[in-house]
Structures are given as structure tokens and as C-alpha cells.
There are 4 protein chains.
Amino acid sequence: MSGANLSASSASRRAGRGRIDKRHAILDAAFVVFAREGYGKASVDAIADEAGVAKPTLYNHFGGKEDLFREAMAATAEQATAKSLAVVAGLASDVEDLSGVLADVGYRLLLCHSSDEAWALRRLLYAEISRFPELFDKVWGHGPNQLSEALADRLARLALAGRLRLTDPVRAAEQFVALLTGPLEGRTVLGTRTVSDDELRATVAAAVGTFISAFAVAVE
Amino acid sequence: MSGANLSASSASRRAGRGRIDKRHAILDAAFVVFAREGYGKASVDAIADEAGVAKPTLYNHFGGKEDLFREAMAATAEQATAKSLAVVAGLASDVEDLSGVLADVGYRLLLCHSSDEAWALRRLLYAEISRFPELFDKVWGHGPNQLSEALADRLARLALAGRLRLTDPVRAAEQFVALLTGPLEGRTVLGTRTVSDDELRATVAAAVGTFISAFAVAVE
Amino acid sequence: MSGANLSASSASRRAGRGRIDKRHAILDAAFVVFAREGYGKASVDAIADEAGVAKPTLYNHFGGKEDLFREAMAATAEQATAKSLAVVAGLASDVEDLSGVLADVGYRLLLCHSSDEAWALRRLLYAEISRFPELFDKVWGHGPNQLSEALADRLARLALAGRLRLTDPVRAAEQFVALLTGPLEGRTVLGTRTVSDDELRATVAAAVGTFISAFAVAVE
Amino acid sequence: MSGANLSASSASRRAGRGRIDKRHAILDAAFVVFAREGYGKASVDAIADEAGVAKPTLYNHFGGKEDLFREAMAATAEQATAKSLAVVAGLASDVEDLSGVLADVGYRLLLCHSSDEAWALRRLLYAEISRFPELFDKVWGHGPNQLSEALADRLARLALAGRLRLTDPVRAAEQFVALLTGPLEGRTVLGTRTVSDDELRATVAAAVGTFISAFAVAVE
DNA sequence: GATGAATGAGGTTTCATTCAT
DNA sequence: AATGAATGAAACCTCATTCAT
């Protein structure tokens with residue numbers, strides 16, 4: 001969560017393996033620089049340097065700074081979304097230890113949420129939502145929101161299986177995510193400070209505890 | 001919630017009432033422009049225009065763009081914080097209808113949270129936290145966080161009064177706030193879209209419902 | 001020669017002894033700042049600060065930056081000139097040890113020439129001669145040039161007394177000054193480095209030696 | 001000597017002969033403008049205009065105003081130095097008419113010293129020595145100082161050849177230069193006024209006369 | 001007479017973008 | 001397709017100067 005792993009993998013950049021992935025290198029570099037400097041202060045020069053290409057090359061691949069931002073955000077968001085969805089996909093409906101399984105899913109969701117890329121994405125989205133309103137769907141709609149929908153599906157099946165008492169699965173999913181992530185916003189200082197794994201797990205435990213208390217069907 | 005009422009009241013600007021409030025006019029204008037453009041793209045020229053003063057006046061009052069940003073954020077945060085704290089201060093511990101009271105407090109907190117200023121503050125804080133790390137304490141620490149502490153105090157007293165079953169009041173307060181605000185982040189598209197009052201109240205009801213289910217001591 | 005004694009005497013500035021010498025304080029401060037920053041980079045603010053007065057006060061006393069420069073240069077030049085002329089005035093025509101007397105006068109002239117004020121004056125004059133051509137007369141004409149004239153008078157009397165063989169006393173005076181000061185320009189790095197008193201005296205000795213060899217009437 | 005021939009030759013500027021000499025054009029223009037306005041008042045805009053390039057081009061070639069000044073000074077100083085050294089190089093040690101040869105060398109040195117570029121160099125060096133102390137070596141050390149050394153070599157050989165009586169050739173060289181240039185500083189008003197060729201030659205004659213009187217071995 | 005506050009103009013520098021190669 | 005070099009526009013900031021008190 002600290003910030004080191006945000007540097008674009010320089011292997012593919014450095015290696016002249018071809019020019020098929022020059023576009024990829026630019027996108028990676030762009031996200032790195034945007035994450036570090038913000039959209040307004042990030043300079044196309046810095047992105048070109050980070051990508052190891054000349055500026056006109058960058059303009060040949062993308063229309064300009066705005067398009068580059070859009071595409072870099074979309075590309076990174078896609079990866080982040082996939083990870084979260086993969087976690088949710090692992091939530092089965094025929095579980096024994098519901099609390100334990102929710103805690104496991106919650107913990108892994110929180111890891112996704114706490115990655116440097118995820119924080120950078122959210123920060124940039126927050127910052128530029130008014131200049132790039134369409135980014136919301138690409139980043140959030142295909143991110144936590146899509147996440148809420150996917151999670152709602154799983155919760156609905158748990159309700160059908162008699163393990164949860166739900167009237168609105170989407171709302172419940174939103175609340176589960178909120179209970180997980182909300183308390184950590186302040187504690188991580190918006191992702192700029194690392195929290196210990198213990199604190200992470202404690203937050204998960206508290207979230208799951210509250211969620212279970214509110215929604216679980218008591219076992220006999 | 002839409003964005004119209006973010007323009008600084010021009011009455012005090014136009015009136016040459018003195019120069020004591022020129023500083024105030026600059027701070028107001030600065031926040032308006034920063035909120036509209038973001039820190040990086042906001043130009044000092046635009047701020048000076050919005051404030052109705054010349055640029056050097058602005059530099060005489062503040063050291064530069066960075067300081068101006070800091071002070072504008074702090075000033076707006078102070079106001080926002082005060083409102084939220086006032087709401088929490090109204091949460092008594094000897095209440096009859098606990099659900100109703102929590103819903104009332106929650107609704108009013110959500111109004112605070114949903115104001116244009118509050119969203120703008122959070123967006124700017126998210127965007128610039130790495131360039132201005134010290135802002136977190138001023139904006140969030142004296143904002144939702146201070147809010148969590150104040151709310152925790154009240155919840156603790158409700159626990160003492162036998163109305164809530166709490167092990168960690170701060171955690172509970174964080175969760176209450178998370179249940180209120182989390183689901184609305186996506187639904188308001190980070191504050192750029194207005195949600196109906198009905199949806200607001202529904203979110204509050206759901207949050208209070210979950211909270212009560214999880215923490216309320218059952219009445220006989 | 002180092003640079004410490006260029007700060008305006010703050011005693012008269014600090015003491016509210018009256019306002020008769022506020023003009024003096026401003027002139028002193030102006031020269032200090034001009035010497036430190038150069039005319040172009042010196043700011044009126046800095047001068048006002050150094051003088052301990054407000055900017056409008058300065059504008060009440062002088063017309064603006066240009067006039068202030070002119071007057072500050074003139075005032076400092078007057079002092080510097082007076083010192084040099086006083087040295088020359090001490091050169092009598094009925095001397096026994098001509099070499100020794102010339103060395104003495106030369107040494108004291110060189111001290112005048114090497115003072116911080118003198119170097120600052122020359123540097124500013126060199127720098128701004130095209131913007132302030134009239135300064136030449138005030139600074140140089142009333143300085144080394146006036147010096148040449150005064151020295152020429154004394155040399156002429158020594159010639160009349162049969163001690164020197166001169167066709168053009170002014171030329172001889174110029175050459176005497178040149179022999180004294182010329183070699184030191186490079187050695188002091190235009191006045192920014194201190195030279196030892198030994199080197200000063202050696203330069204004087206060499207200058208006087210050459211001058212005597214060229215112009216002295218051999219004693220029997 | 002008046003100032004007209006300081007404008008950069010516009011031929012190469014106008015002709016788009018390539019971009020190899022754009023750097024040269026900028027350096028020339030920079031020196032012209034710095035000489036005319038001084039470092040502080042010279043604007044980068046004016047330099048870019050004079051060079052016929054856009055401002056960013058200038059910033060691409062040089063780091064900023066300071067570096068540009070350094071390089072412009074160095075470039076001009078190099079040319080000026082070369083000319084003076086070439087003159088000294090022509091001073092042979094097996095001369096018949098020592099006076100005549102010294103006068104010839106002196107005259108040509110004085111022409112170098114009196115050129116507009118040389119005066120501008122010295123004025124700028126004097127003016128900015130405290131802000132750019134390292135310029136001294138580039139301009140003066142490689143200029144008159146290097147000149148003194150080269151001249152000292154030649155004088156030493158003349159001493160070996162029995163034509164001069166010297167104890168310290170460097171000192172003698174410094175004095176020769178001082179006798180040549182010193183009297184002209186005042187007479188040309190620091191290079192801002194033209195002196196007639198007659199006056200130039202008279203100064204040379206006087207300098208050589210004094211030098212010969214002081215150092216020449218009497219011919220039998 | 002002295003001043004805190006204000007300003008129009010202009011400073012250096014950097015930016016996103018485009019040629020010509 | 002890729003690039004070194006160039007640019008118009010605009011950024012932040014500072015200056016000499018003047019009000020109104």
C-alpha cells in the first residue's frame with residue numbers, strides 16, 4: 001500500500017521487444033505520472049520521459065493529454081475491477097462458516113481497495129470528475145459499483161439459501177462495502193499511510209460482525 | 001446540491017465596506033475557483049477576478065497559490081465541520097424513540113455531507129493529499145474524523161444508558177457514518193448528481209436499520 | 001575591504017532622533033541595496049525595509065527609483081571623492097624623500113580605491129553608465145578624474161621644484177593612478193576578494209618604482 | 001567604438017540555413033541585449049525577439065536567463081581574448097626598434113580593449129560579478145589576465161635578450177597594460193564616448209614612453 | 001509627513017502541441 | 001512510425017507606483 005509498486009514495469013519499456021506494446025508502455029507511464037502529479041500538474045513531457053518515448057510518438061498514439069488520461073484511467077480501472085470481481089466470484093452460497101467466508105472475502109476486497117493503484121484511481125477520479133464526467137462509469141461503475149452489483153447477486157443467493165435476511169440485496173452489498181472501506185479512509189489518511197495487517201483484519205472483523213448481526217439468520 | 005450556490009456572495013465584495021473583509025472575499029473566491037477547476041488548473045488570475053481584486057493584492061494577503069489553497073481549504077473546512085458537529089451535539093442520550101432520533105441525526109448529517117462545499121472539499125482533499133498532506137488534519141481530522149469522535153461520545157453515552165450494546169464506540173461511530181455516506185458515493189456520482197430527498201431518506205433508513213439491528217438493545 | 005562595513009549605520013535609523021535625517025537613512029539604505037543587488041534587481045521594497053521606512057515615505061523624499069539611484073550614487077561618491085582628495089592634498093612639493101612620500105600617498109590612495117564603497121560605486125557606475133550617463137561626472141569626474149586633476153597640480157609643483165621631469169602633468173597623474181590601481185583590478189577580482197596588506201604595499205612599491213624611474217630627476 | 005556594430009549580423013538569422021546556428025543566433029542576440037540593457041533589465045522576450053526565435057526555443061537551448069548570460073558572456077569573451085592574444089603573439093624578442101614595436105603592440109591592444117564588445121564585456125562583468133562570480137575566470141582570467149601572462153612571457157624574453165631590465169615580468173606586463181588602458185577609462189567615459197585615433201595614439205605613446213624610461217636598457 | 005493596502009504592467013518560466021525530418 | 005526542435009499561449013509571481021487614511 002505504500003507507493004513503491006506504482007512504477008510502471010520497466011522491463012517491457014526498456015526491452016525493444018517490438019512496438020506493439022509501446023502503446024502499453026505509454027499508458028502505464030501516463031498512469032504513473034498522473035497518479036504522482038495529478039492531471040493538471042502532470043506534464044506530457046514527464047509522461048513521455050517515463051515511457052521512454054518521444055512526445056510526438058505519444059501524440060501519434062493518442063489524441064492529446066485528455067484522451068491519454070481517459071485511456072490510462074480506463075486501462076488501470078479495468079485491471080483493478082477484474083481483481084475485485086474475482087474476489088466476489090469466490091463467494092459461494094453453500095458455505096458452512098458464513099462469518100468466516102465473509103471475513104475472507106472482505107479481507108481480500110479490502111486488499112484490492114487498498115492497493116496503490118486503487119487509491120490512485122479513486123484520487124484521480126475524485127479530482128477530475130467534473131472535467132471528465134464520463135470517467136465515472138469506466139472507473140467506478142465498472143469498479144465498486146459493478147462490485148456492488150456482483151456482490152448483491154451473491155448475497156441474494158445467500159438469502160435464497162436461508163442464510164441472510166435481506167429486502168434489498170444491492171443496498172446490503174453497498175452497506176457491506178461501506179462497512180469495510182469507510183472506516184479505513186480516515187485511518188489510512190486517504191491511502192497515503194500504511195495500516196498494519198492487524199488493523200486491516202480488525203476492520204474486516206468489525207464490518208463482518210455488524211453485517212452478520214444485522215442480516216444473518218440465526219442458526220438454531 | 002447542484003453547484004449553483006457555490007458562487008461567493010458578491011454583496012460584500014461589491015460594497016467597499018472596508019478592507020477588513022477583502023481577505024474573506026479572496027478566500028471565498030479561491031475556494032469557488034479551486035472547486036470548479038481543481039488546484040492544478042485553477043489560475044490565480046481567475047481567483048483574483050472572482051474575488052474582484054488585483055492579483056498583487058492576493059499575493060499581499062497570502063504567500064502564493066499554495067498558501068492560498070491551504071487557507072481556503074481550512075476556512076471552508078472549518079465551516080463544514082462546525083455544521084456537522086452541531087448536528088451531533090443534538091443527539092441526546094435520554095431519547096425515547098432511538099431509531100427516530102438516529103434517523104433524524106443521520107439525515108441531517110447526510111445533508112451536511114451532501115452539500116456542494118462538502119463534496120468540493122472532499123474532492124480537493126482527495127486530489128491534492130499528496131501535494132498537501134497536512135491538509136488532511138485540517139479538513140478531515142477536523143471533519144468527519146472529529147465527527148467520528150464526537151459521535152462516538154454520544155454513542156458511548158447511549159451505551160451507558162443501556163440503549164446500545166457497544167464494545168468500541170469509535171468503531172461504531174465510523175460504521176454509522178460509513179453506512180450513511182458510503183452508499184451515496186456511487187449514487188450521487190461523487191456528488192456531481194443530485195439525488196432525490198426520498199432516496200436520501202431511504203439511505204438513512206437503511207443505515208439506521210442496519211445499525212439498530214446490529215447494536216440496539218432489544219426493548220422488552 | 002571585505003564587505004561587512006557596507007551596512008548602513010542602523011543607529012541613526014533606529015533612533016527616532018527626528019526626521020531630518022530620514023532622508024539620509026534612505027540614501028544610505030539605497031546605496032547598500034543597490035550595491036548588493038544592482039540597480040535592475042534592487043527593489044524599492046528592499047530599500048524601504050533597509051531604511052526602516054514605508055515605501056510612500058521614500059517616494060515623498062525622492063521622485064522614484066531612478067532619482068533615488070542618482071542621489072544615492074552622488075551622495076556616496078561625494079564622500080569617496082573627499083577622502084581621495086584629502087590624501088592628495090597631503091602631497092607637498094618640498095619633500096625630502098620623494099619615493100617615500102609618493103609611496104605613502106599611493107598607499108593611502110589605494111586604500112580609498114579598495115574600500116567597499118569605492119568598488120560598489122565603480123561597479124554600479126560601470127553597470128548603469130548607459131542608463132545614467134550623467135552619473136559619470138558625479139562619480140568619476142568628481143572622483144578619480146577630479147583626483148587626476150588634483151594630483152596633476154601637485155605633480156606640476158614637484159616638476160617646478162625640479163624633482164620631476166614632466167611634459168604633461170595630467171598624463172603623469174593618470175599614469176600614476178593607473179600604475180597603482182590597474183594591477184589590483186585582476187588581483188582583487190574586481191574588488192570581490194581581499195588582498196593582503198603586503199600585496200597592497202608591493203603594488204604601491206612597484207608603481208612608485210616605475211613612476212620614479214620614468215619621471216624623477218636624478219639627484220646628484 | 002560607438003555602439004552601432006553591436007547588432008548581431010542578421011543575415012544568418014534571417015536565412016533558415018538550419019538549426020545548427022540557432023544557438024549561435026541566440027548567444028549573439030543575448031549579448032547584444034545584455035550589453036544594451038544590463039543583466040537585470042534585459043528581458044528574455046527582448047533577447048528572443050532580437051534572435052528571431054520564440055522564447056521556449058531559447059529555454060530549450062539554455063537553462064534559463066542565468067545560464068544564457070553565462071554562456072553569452074563566455075562566448076563573447078573567448079573571441080575578445082583570442083584577438084588580444086593574437087596581438088601579443090606578434091611581439092617578437094629580436095626587434096630593432098623596441099619603442100616602435102611596443103607602440104605598435106600597444107596600439108593594437110588598445111584597439112581590442114576599446115571595441116564595443118570589450119567594453120560591454122567589462123561593464124557586464126563589473127556589474128554582475130557578485131551574482132556571477134565564476135564569470136571572472138571566463139572573462140577576465142581568460143582575458144586581460146591571460147593577457148598579462150602572455151605579455152609577461154614576451155617581456156621576459158626581451159629581458160633575456162638584454163633589452164629590458166625586469167625583476168618581475170608579470171608585474172611589468174600588468175603595468176604596461178595599466179599604462180595603456182588606465183588613462184583611457186576616464187577619457188572614453190567608460191567606453192561610452194569615442195576618442196579620436198590621435199588621442200589613442202598619444203596615450204600609447206605616453207604609455208610606451210613611460211614604460212621604456214622605466215624598463216629599457218639604455219643602448220650605447 | 002507617514003503609512004498600510006492596492007494595482008497595472010511586465011518579469012521568467014512552462015505547457016500542450018505541431019512541424020520537418 | 002518515430003523524433004528533435006520549435007512555438008503560441010498562459011502560468012505564477014514581482015515590481016514601481018499610487019491612494020485613502
Side-chain angles (χ1 to χ4, degrees), chain A residues 16 18-20 22-23 26 40-48 51-69, chain B residues 16 18-20 22-23 26 37 40-48 51-68, chain C residues 16 18-20 22-23 26 39-48 51-69, chain D residues 16 18-20 22-23 26 40-48 51-68:
Chain A
R19 54 200 58 104
I20 167 170
K22 195 156 272 190
R23 182 187 174 89
I26 294 174
K41 287 264 185 185
S43 82
V44 178
D45 264 294
I47 296 172
V53 302
K55 247 186 304 184
T57 303
L58 192 151
Y59 277 89
N60 284 341
H61 281 266
F62 304 92
K65 196 186 182 186
E66 300 201 354
D67 274 0
L68 182 53
F69 183 63
Chain B
R19 53 192 62 109
I20 168 169
K22 202 155 264 192
R23 182 188 175 92
I26 294 174
E37 309 281 347
K41 286 265 186 184
S43 84
V44 178
D45 268 290
I47 295 172
V53 302
K55 237 184 315 180
T57 301
L58 192 150
Y59 279 92
N60 282 344
H61 281 267
F62 305 92
K65 196 187 181 185
E66 299 202 354
D67 274 0
L68 180 53
Chain C
R19 53 200 58 104
I20 167 170
K22 197 156 270 192
R23 182 187 174 89
I26 294 174
Y39 175 76
K41 288 264 185 184
S43 83
V44 177
D45 264 294
I47 295 171
V53 303
K55 246 185 306 182
T57 302
L58 191 150
Y59 277 89
N60 284 342
H61 282 264
F62 304 92
K65 195 187 181 185
E66 300 202 354
D67 274 1
L68 181 53
F69 183 64
Chain D
R19 51 192 64 105
I20 169 169
K22 201 154 265 191
R23 181 187 174 91
I26 294 173
K41 286 266 185 183
S43 84
V44 177
D45 266 294
I47 296 172
V53 302
K55 244 186 306 182
T57 301
L58 192 151
Y59 278 91
N60 283 344
H61 281 267
F62 305 92
K65 197 187 180 186
E66 298 201 354
D67 273 0
L68 181 53

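Every chain is numbered from 1 and lettered A, B, ... according to where its sequence line falls, protein lines coming before strand lines.
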Legend entry - Per-nucleotide protein contact string for nucleotides 11-18 of chain E, where B marks a base within reach and S marks sugar-phosphate only (heavy atoms under 4.0 Å, - for neither): SBBBBSBB
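Shown here, dT7(E) forms a base pair with dA16(F); the pair counts as Watson-Crick or G-U wobble because both key distances fall under 3.5 Å. The partner of dT21(E) is dA2(F), by the rule that a Watson-Crick or G-U pair needs both atom distances under 3.5 Å.
Listed here is the closest heavy atom pair of K65(C) and Y39(C): NZ-O, 2.8 Å. Here the shortest heavy-atom pairing between A54(A) and A48(A) reads C-CB, 4.3 Å. Listed here is the closest heavy atom pair of I26(D) and L68(D): CG2-CD1, 3.9 Å.
Atom CD1 of I47(C) sits about 11.0 Å away from atom NZ of K55(C), to the nearest 0.5 Å. Here the straight-line distance linking atom CG of N60(B) with atom NZ of K22(B) works out to 11.0 Å at 0.5 Å rounding. Of the inter-residue distances, the one linking L58(A) atom CG with D67(A) atom CG reads 11.0 Å to the nearest 0.5 angstrom.
With rounding to whole Å, F62(B) atom CZ is found 16 Å from dC12(F) atom C1'. To the nearest angstrom, C1' of dA6(F) lies 10 Å from CD1 of I26(D). Distance, I47(B) CD1 to dC13(F) C1': 13 Å, rounded to whole Å. Distance NZ (K22(B)) to P (dC19(F)): 15 Å, rounded to an integer number of Å. Separating the CZ atom of R23(B) from the P atom of dA6(E) is a distance of 12 Å, rounded to the nearest angstrom.
Taking the nucleotide of DNA chain F with the nearest heavy atom to each of T57(D) and N60(A), the more 5' of the two is matched to N60(A).
For the pair H61(C) and dG1(E), the criterion of a side-chain N or O lying under 4.0 Å from OP1 or OP2 is not met.
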